[in-house]
Amino acid sequence: MPELPEVETVRRGLEKAMVGRRINQVMVRRSDLRRPLPENFSDMLSGRKITQLDRRAKYILIHLDSGNVVLVHLGMSGRMVIEQGTQVEVPARKHEHIALSVGNGTVVRFSDPRRFGLMDLTPKEKLFNHPLLKLMGPEPLGAGFNALNLLTSLKGRKMPIKSALLDQRVVAGLGNIYVCESLFMAGVSPRRITQNISVLRAERLVSAIKLILRDAIKAGGSTLRDHVTPTGEMGYFQYRFKVYGREGELCESCKKPVKRIVQAGRSTFFCASCQR
DNA sequence: ATTGGTTCCTGCTGGC
DNA sequence: TGCCAGCAGGAACCAA
């Protein structure tokens with residue numbers, strides 16, 4: 001499931017194939033994604049040159065020479081795949097919703113079986129006032145994400161730290177997998193209530209999050225079910241999970257079994273002995 | 001106001 | 001072997 005490292009991997013792959021190219025054809029097969037595609041989506045993209053590809057949290061931002069920006073969110077099962085020597089009319093796979101032809105027989109295809117993903121369009125100057133981005137917290141790999149900042153945003157709140165780290169307003173881009181792994185690396189219990197997070201624990205958490213995200217990006221993200229790079233290769237970080245999906249296996253560090261609990265409706269994997 | 005629960009969606013899997 | 005309930009989860013929404 002695409003979290004920040006997977007989205008960054010996809011962004012890097014798309015950047016090579018798309019920046020400097022002109023979108024000469026847009027095919028919309030389904031517009032009822034997580035939120036409906038803007039009505040003029042095709043018209044606003046057609047004929048536009050792609051100037052830049054950025055990422056904000058789990059969003060890919062495609063900058064157009066018209067001054068508009070396309071926001072792409074992959075949701076749970078979204079894929080962006082580059083194909084050579086093909087045409088937009090021919091769907092590459094089931095559940096392909098959008099295809100962009102960017103010249104030289106190159107087609108970028110967005111598929112998303114579960115349709116939790118979305119695309120939207122906004123003028124560049126309104127980008128960070130966009131409702132989806134406006135309330136978003138700091139980029140975890142940026143200087144704006146540090147222990148002090150984290151403690152401030154957790155102050156007075158009473159929820160398990162696991163849930164807080166999934167809240168995109170606290171830090172933007174983490175999902176269930178990297179939160180579990182970060183908490184393990186930091187030795188912090190997922191059940192610990194946010195207001196009881198000490199400075200030391202906040203520092204360890206911030207370091208762990210940055211380290212894990214950087215390593216995961218280097219590994220091309222994690223391929224569990226859906227994630228592939230735009231050129232179809234898989235990521236490798238799943239082989240380095242210490243706790244995620246490892247219920248019952250022995251903790252590498254203390255050899256006690258990894259536990260699974262449910263918090264806010266989703267699985268948390270952790271070592272009750274190493275994480276306090 | 002904050003927080004936890006529910007919902008959307010489809011594909012995969014585990015248990016009978 | 002085959003079927004199907006249940007699970008996977010990002011984030012908006014709802015209710016307490």
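We name chains A, B, ... by the order of the sequence lines, and we start the count at 1 in each one.
Nucleic acid contact for Arg30(A): none, since no nucleic acid atom lies under 4.0 Å from a heavy atom of the residue. Note on Pro160(A): only backbone sugar-phosphate atoms sit closer than 4.0 angstrom, heavy atoms only; bases stay farther off. At the heavy-atom level, Leu132(A) lies under 4.0 Å from the strands shown only through sugar-phosphate atoms.
Checking the phosphate oxygens (OP1, OP2) of dG9(C), a side-chain nitrogen or oxygen of Tyr244(A) falls inside 4.0 Å. Here Ser267(A) does not reach the OP1 or OP2 of dC7(C): none of its side-chain N or O atoms lies under 4.0 Å away. Between His73(A) and dA11(C) there is a side-chain N or O to OP1 or OP2 distance below 4.0 Å. OP1 or OP2 of dG11(B) sits under 4.0 Å from a side-chain N or O of Lys94(A). An OP1 or OP2 oxygen of dC9(B) is reached within less than 4.0 angstrom by no side-chain nitrogen or oxygen of His95(A). Taking 4.0 angstrom as the limit, Gln168(A) places a side-chain polar atom (N or O) nearer than this to OP1 or OP2 of dA11(C). Distances shown here put every side-chain N or O of Arg114(A) at or beyond 4.0 Å from the OP1 or OP2 atom of dC7(C).
One can find a donor-acceptor pair under 3.5 Å joining the base of dA11(C) and the side-chain atoms of Arg34(A).
Of the candidates Arg21(A), Lys49(A), Arg48(A), Arg48(A) is the only one forming a salt bridge (Lys or Arg N to Asp or Glu O under 4.0 Å) with Asp65(A). Of the options Val72(A), Leu14(A), Leu61(A), Val70(A), a side chain to side chain contact (heavy atoms under 4.5 Å, CB included) to Leu53(A) is made by Leu14(A) and by none of the others. Under the salt bridge (Lys or Arg N to Asp or Glu O under 4.0 Å) rule, Asp215(A) has a single partner from Arg240(A), Lys210(A), Lys242(A), which is Arg240(A).
Between the CZ atom of Arg266(A) and the C1' atom of dT3(B) there is a distance of 13 Å, rounded to whole Å. Computed from coordinates, the Met159(A) CE to dA16(C) C1' distance equals 15 Å when rounded to whole Å. Rounded to an integer number of Å, the gap from Asn176(A) CG to dC7(C) P is 15 Å. At whole-Å resolution of the value, NZ in Lys162(A) and P in dT3(B) are 16 Å apart. Leu166(A) has its CG atom 14 Å from the C1' atom of dA8(C), to the nearest Å. His130(A) has its NE2 atom 14 Å from the P atom of dA11(C), to the nearest Å. Between the P atom of dG10(C) and the CG atom of Leu135(A) lies a distance of 19 Å, rounded to the nearest Å. At whole-Å resolution of the value, CG in Leu71(A) and C1' in dG10(C) are 15 Å apart.
Using modelled atom types, no side-chain atom of Thr122(A) and backbone atom of Val69(A) make a donor-acceptor pair closer than 3.5 Å.
Of the candidates dG11(B), dT3(B), dT10(B), dT10(B) carries the atom nearest the Arg115(A) side chain, counting heavy atoms from C-beta on. For Phe116(A), counting side-chain heavy atoms from C-beta on, the closest listed nucleotide (dT3(B), dA8(C), dG10(C)) is dG10(C).
For the 3.5 Å distance criterion, the side chains of Gln263(A) and Ser163(A) fail to qualify, holding no donor opposite an acceptor.
In this structure, Phe41(A) CZ and Ser46(A) OG are separated by 9.5 Å, a value rounded to the nearest 0.5 Å.
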